[in-house]
Every structure is written in structure tokens, then in C-alpha cells.
Amino acid sequence: MNRPSPQEHLLTWYARVLRQAQGHFLWLIPAQIASQLTITLITAGLPAWLVGQLEVHTPGARLALGIAGLSLTLALATWLRPTLRTRLLAHQSFGRLRLSWGAEKEFVTGDYQNVIDPVYRERYEAAAQFATNTDNAAASQLFTAVSDTLSAASMTLILSALLGRIIWWLPLVAILVALGAAGLLAWARRVRTRVRDQNQALYNQQWVVQSAAFAQKNAKDLRLYHMAPWYGKQLHTIKRKRYGLRQQIERTQWLATTGTHWLGAARDLLVYGALIVAIQHGRIDLSTFTLAFGLIGEVSRNTTMMLTSWHQWQLHRHDLAAFTPFLPTAPAAEPAPKSLSAAPTIRFIDVSYTYPGSSTPTLHHLDLLIPGGCKAALVGRNGAGKTTLTLLLMGLLTPQHGTITLDDQPLSTIPTATLRRLFAPVFQDGLVIADTLRQNILMHQPEAPQRLQHVLVATGLQPLVDRLPQGLDTPLTTKLDDAGMDLSGGQVQQLMLARALYRDGAILVLDEPTAALDALAERRQYEAYERESTGKTSLFISHRLASTKFCDQIYYLQDGHVTEQGNHDALLAQGGAYAALFAIQRRYYQKEVNPDAPTV
């Protein structure tokens, strides 16, 4: 499910999407037009035909046979049209689901920078709201609007030709009045479309406020700091604005509907008056009068429907086109992967990166060299760019300036799948999937029993596994399985390290991997990290500088670039920012252990 190419028309692309999903369907549109034409002609012409037959004294049996034939044809067409329409809607509903699945797949597997960009997320949510989220969205209604437009246009042309043969200017009156009515309705739809966008923005604000108000993590602050009135005021203000927008739509719709009715009344007065004068002067007979009487209303109705459906067609086309940028692109041919060493050398060359919506670079002309096989630590104050550096290294973010290489190969020349397999990351907030403990470690890799046993012991998870009745096959959720369990914060971090070690990537990345562990468990994790990172290139991020002593190289980040580097002892000897921060942390931890200790 890929987005259309720049040269491909939107209708052609979406027809291809539906055809690939459900087979050929375009024949449904001319079939609907034919059934609607049959219904309209019989409905409008049957009274006139009946009057004509009575005027010439057609025998009763023949008249009954004709009525039965027309009634049967009308019944068949009346049954067929909604059946065809329902089938067309079913095709589009499945297409809507395919588009939704495609966009969701792109969101979870595509460019990571889109995930962290709030503007992208807002645009995606707004586009999905009008394109795929409901059965009335564009993807479910586009070809229905096309069918309705073509059907109404065909009816208007045929019926106008018939009506013009009676009195030439009657179809002109009907069409002009219909154009006026359609103009009023189009004005109302434009207002509704404009208000819809405003309402969507207010809905997004309301969702943010409501999510914060009802979040479990905020419940204590709401009560203890008396925040409920503030949230209530915000919600009340937003809802009043949305109510005002709804009133604006209702007023506009009332004005458009009222104007349409008065135009219809003026049309009827003029047309029916002309028909009465014509029959009184003998210019038309009774059956022709009856036919014209039925045709005039159908011409007006179909002209209005044609213009209304055309507007819906264009609106759905716009909404669907706004959604296509969130679909995957056609996979590009990637270069053949070149071999990398078992412990690649990492180099950042004049790299800069600024997050979406920010004017301040997080990394600014950064140069960095991490030799292959090095145990490297990235340290610095909050916001120094440590995590950003690792995200750039793993290809999740793309630098706006500069180059990142592995063994002198630019990341841009390494296929995405190959690049991601190189890394075994442990993030501070690890993702536990609703599956067994085993699968949370393997992550769908082939199981190697000895290696699995090794990482369980290395990360300290083996005692937990031994205590569980189902062992490694214990589900890690209680929401989907009553026999499952929920892990503590420390156990989650042990699991994340086990997952990374089992993956056995060439580059190990640990971002605050021990934040939820006690001191004893933290020490065991550092020992495991030091053992298991042998023979690999590894990056370790920590706020606790004492935990970086075992690293070969420590890089101190400040203001978006490396200001100091060396091993622990060398950096202390320099007496720079690293030494100053280490001294502050040492005094803090001494005070924590011995409250009576001096703080000088």
C-alpha cells in the first residue's frame, strides 16, 4: 500500500488500490447510472403514458399488461440500484481500511523524526479524521460521489432534452433555479468546511486538556494542588467555542435551505403557470402536460444533485489527497551492503541537528571519533545532546549538516535493515510487548538455548525465571492473560538488557540502563555490561559519572559538541567540567549515605 506517484491521477491510483483489494468494481458505476435512468424515466413518464393510453381507450388487458411490465421493470431497477450502491460502498470501506493500515504501518516503521514531530502528528490526525476514520470519510465515499455526479449529469441531459421538446425554455428555467439552489448549498458547504477545520483545531485542544485531566499519573496533583477548577475552566471555554461553531453551521444551513425552497416555489409558479396556459390554448395535450409536470421536478432535482455531488467529489478528492503523504513510498532500490567489522569505528564529522519546532541546535558542528571495540561513555548535563547523538548514530534521525560514518561508510549508503541490525540498544523506557518473557527476549529471532541461558544469568533474570511457574513462557501482561505478570521497573530494565545482549549486535547502546535499579543490582548490571561489551563497540549514557569509570573513553558533551574526552582518571586530572560535575555528585552521594558528613 504505497502513496501515488507524482504522475498518477488520484482517481486512477485509488481505483487501482480498490481493484487490488477487491477485484474489478468500476462496472458498478455505469450499472448504477442505468438503473437510476430507468427509475427516473418510468417514474416521470408512467403517469403521462397512463393518461395517453386512457385517452385512446386502450383495452384493459393490454393496459394491465403494460402497467405490469413497467411496474416489474421499476421494481427490478429499484432493487438493483441500492444493491449496486451497497457493493460500491463495501469496496470503498475495505479500501479505507487498507489506507488506514498503510498509514499506521508507515507511522510505526517509517521515519522516526515524524513520530517526534508534533506538527506531523497533528497533520496526520487531522488528515485521517476526514480521509479514513469513519464510513463517511473520503476513502469510503469518493467513488460514490463520482457515481452520483455522473448519474445526475446523465439524468439532467436526457430529461432536459425531453422537456425542451415540449416547451424549449422550460429546462432553462429548471436548470437556472437549480444552479441558484446549488450555489446556496455550495456556500453552506464552504462555511461548513471552514468551520470544520476550526472545530478540528479546538477538538485537538480539548483532547489534550481531557487527556491530562483524566490521566492516572495526574490524579494526585489534581486533588492536592486543587487543579480541577483550572481544567474545568479550560474545557468549558473550548466547548463554548465549539458550540458557537455548531450554531454558525446551523444558521448557515437554515439560510441555504430557506433560499432553496423559495427558489423552488418561484420555479413552480412560473413553469406550472406556463403549462396551464399551454394546455388551455391547445398547444399541448393532457398526457404531454402530465409528462412535463413530472420532468420539470426531475430536471431541477438532478441538476441540484449533480452540483452537490460534484462538490462532494472535490471535497473527498481534497481530503484523500491530503492523506496520501502519510502512506508509505514505493521501496527504493538500496545499495548492496558492504561488509563491516565486528566492532565498527564510529565517526561524526561536523554534525549538526535541530529538532522540529526548535530554533536552537541540539548538536552543533560536532566532531567525534570512537575507535572500533571501544567502551565509550557519553556524559553531560541534561539537554547536552547525548540521546540525540545515539539516535543519529542508529539512523533514527538524520543530521541537517555533516556526515556520520561506520568504518568510513556513510550511514546513507548502508541499507536501513542492515543498519538497524548492527545495533543492540537499551533505552531508559523500554517497550514490553504483550507476549511471553521468552519472546520479549528473542524478539522473533531464532532461539539459541545456550545463548538465552547465558543472557539470563548475565542480567540477573535467572532467579525470576526460576520462581515463575511457567518460566520463560509466562505472559508479561495481566490485561490480556490472567496467568500473566507485570514486571517492576528494575525487572523491565533487566529484560531490556537481556534483549540487547541476545541480539548480539555489533554496537551496543545503553541509554540510562540502570535508572530504576538499586545499588546492588546496578553494580551487577555494570559488571555484565563490561563483560558482554568485550569485542564490540559500545556507547554508554549515564548521569552517574561514577558508573563510567570502566569505560575506555569518556566524552563530555556541552552546548551541542564534545568539550572534553579521555578516561576517567585523565578527565579528573584535567580539572574541567567533568571533574567539577564528578565532585558535585560525589559530595551528594556522600551526604546521602552519611547525613552528618561535611559538605565542603
Side-chain angles (χ1 to χ4, degrees), residues 1-36 80-111 114-115 120-154 189 193 196-197 200 306 308-334 416-417:
M1 171 55 58
N2 299 321
R3 69 184 70 168
S5 64
Q7 298 78 23
E8 191 172 21
H9 192 277
L10 184 73
L11 273 181
T12 305
W13 165 78
Y14 193 42
R16 176 168 56 83
V17 170
L18 297 181
R19 188 170 59 250
Q20 290 173 348
Q22 294 283 83
H24 292 284
F25 73 98
L26 289 177
W27 65 270
L28 295 167
I29 294 177
Q32 282 193 80
I33 294 174
S35 63
Q36 181 60 52
L80 185 60
R81 188 177 186 281
T83 302
L84 295 171
R85 188 179 186 86
T86 299
R87 186 165 180 181
L88 181 59
L89 287 170
H91 273 73
Q92 294 175 102
S93 292
F94 192 79
R96 174 177 69 84
L97 293 177
R98 287 199 71 201
L99 294 183
S100 182
W101 295 336
E104 289 168 0
K105 179 182 178 182
E106 173 67 9
F107 190 81
V108 299
T109 63
D111 191 348
N114 292 334
V115 178
Y120 178 93
R121 297 175 73 101
E122 287 182 8
R123 287 177 50 237
Y124 169 72
E125 290 168 1
Q129 176 72 24
F130 304 125
T132 62
N133 277 8
T134 69
D135 285 334
N136 292 321
S140 291
Q141 297 292 333
L142 177 59
F143 277 103
T144 302
V146 171
S147 177
D148 290 345
T149 302
L150 296 178
S151 177
S154 302
R189 285 191 296 272
T193 301
R196 183 188 73 174
D197 296 336
Q200 181 65 32
M306 176 184 67
T308 301
S309 300
W310 167 258
H311 178 81
Q312 289 297 320
W313 176 352
Q314 299 309 305
L315 181 62
H316 293 325
R317 182 190 60 80
H318 172 271
D319 288 342
L320 190 58
F323 184 75
T324 55
F326 302 99
L327 295 170
T329 56
E334 292 189 320
T416 301

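Reckoned from all heavy atoms, side chains included, excluding hydrogens, waters and symmetry mates.
- In terms of heavy atoms, S140 sits closest to T144 at O-OG1, 4.2 Å.
- L11 is listed as a side-chain neighbour of L142, based on a closest heavy-atom distance under 4.5 Å.
- Pairing each heavy atom of W27 with each of R87, the nearest pair is CZ2-NH1, 3.6 Å.
- With T86 contributing its side chain and P82 its backbone, the two residues share a donor-acceptor pair below 3.5 Å.
- The ring-ring contact (aromatic ring centres under 6.0 Å, His included) search around H316 returns none, not counting sequence neighbours.
- Closest non-hydrogen pair, A131 versus L320, comes out as CB-CA, 4.4 Å.
- Looking at R81, its side chain never comes within 3.5 Å of a backbone N or O of Q36 through a donor-acceptor pair.
- The structure places CG of D319 at 11.5 Å from CZ of F323, a figure rounded to the nearest 0.5 Å.
- When all heavy atoms of A127 and F326 are compared, the pair lying nearest together is CB-CE1, 3.8 Å.
- Counting heavy atoms of neighbouring residues, nucleotides and ligands inside a 6.0 Å radius, atom NE2 of H311 exceeds 12 of them.
- Residue pairs meeting the side chain to side chain donor-acceptor pair (under 3.5 Å) criterion with at least one member in residues 123-134, sequence neighbours excluded, do not occur.
- Taking the six-membered ring where the residue is Trp, F107 and Y120 present parallel rings, their angle staying beneath 30° rather than reaching 60°.
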- Item | Trace of the side chain to side chain contact (heavy atoms under 4.5 Å, CB included) decision for E106 with L327 | CA-CA 6 Å; E106 173 67 9; L327 295 170; over 6 Å; no
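- From R98, atom CZ reaches atom CD of Q20 across 6.0 Å, with rounding to the nearest 0.5 Å.
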- Could you walk me through whether Y14 and L18 pass the side chain to side chain contact (heavy atoms under 4.5 Å, CB included) test, one step at a time? CA-CA 6 Å; Y14 193 42; L18 297 181; 3.8 Å; yes
- Task: Please assess L315 against R196 for the test side chain to side chain contact (heavy atoms under 4.5 Å, CB included), listing each intermediate value before the final yes or no.
- Result: CA-CA 12 Å; L315 181 62; R196 183 188 73 174; 4.2 Å; yes
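- We find the CD-CG distance between Q32 and L150 to be 10.5 Å, quoted to the nearest 0.5 Å.
- A donor-acceptor pair under 3.5 Å is formed between the side chain of T109 and the backbone N or O of K105.
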- Item | Check against side chain to side chain contact (heavy atoms under 4.5 Å, CB included), D197 and F130 | CA-CA 10 Å; D197 296 336; F130 304 125; 4.2 Å; yes
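- Taking every heavy atom of both residues into account, Q92 and Q141 meet most closely at OE1-C, 3.4 Å.
- Using modelled atom types, no side-chain atom of T324 and backbone atom of R3 make a donor-acceptor pair closer than 3.5 Å.
- Distance check, rounded to the nearest 0.5 Å: CG of L84 to CG of L89 gives 11.0 Å.
- A donor-acceptor pair under 3.5 Å links the side-chain atoms of W13 to the main chain of N2, judged by distance alone.
- Atoms CG and CD, on L99 and E104 in that order, are 11.0 Å from each other to the nearest 0.5 Å.
- Panel note: side chain R121, backbone V115; a donor-acceptor pair is recorded below 3.5 Å.
- Side-chain atoms of S100 never come within 3.5 Å of backbone atoms of R96 as a donor-acceptor pair (strictly under, hydrogens ignored).
- Here the side chain of S147 pairs no donor or acceptor atom with the backbone of F143 at under 3.5 angstrom.
- Atom NE2 of residue H91 and atom CG of residue L28 lie 6.5 Å apart, to the nearest 0.5 angstrom.
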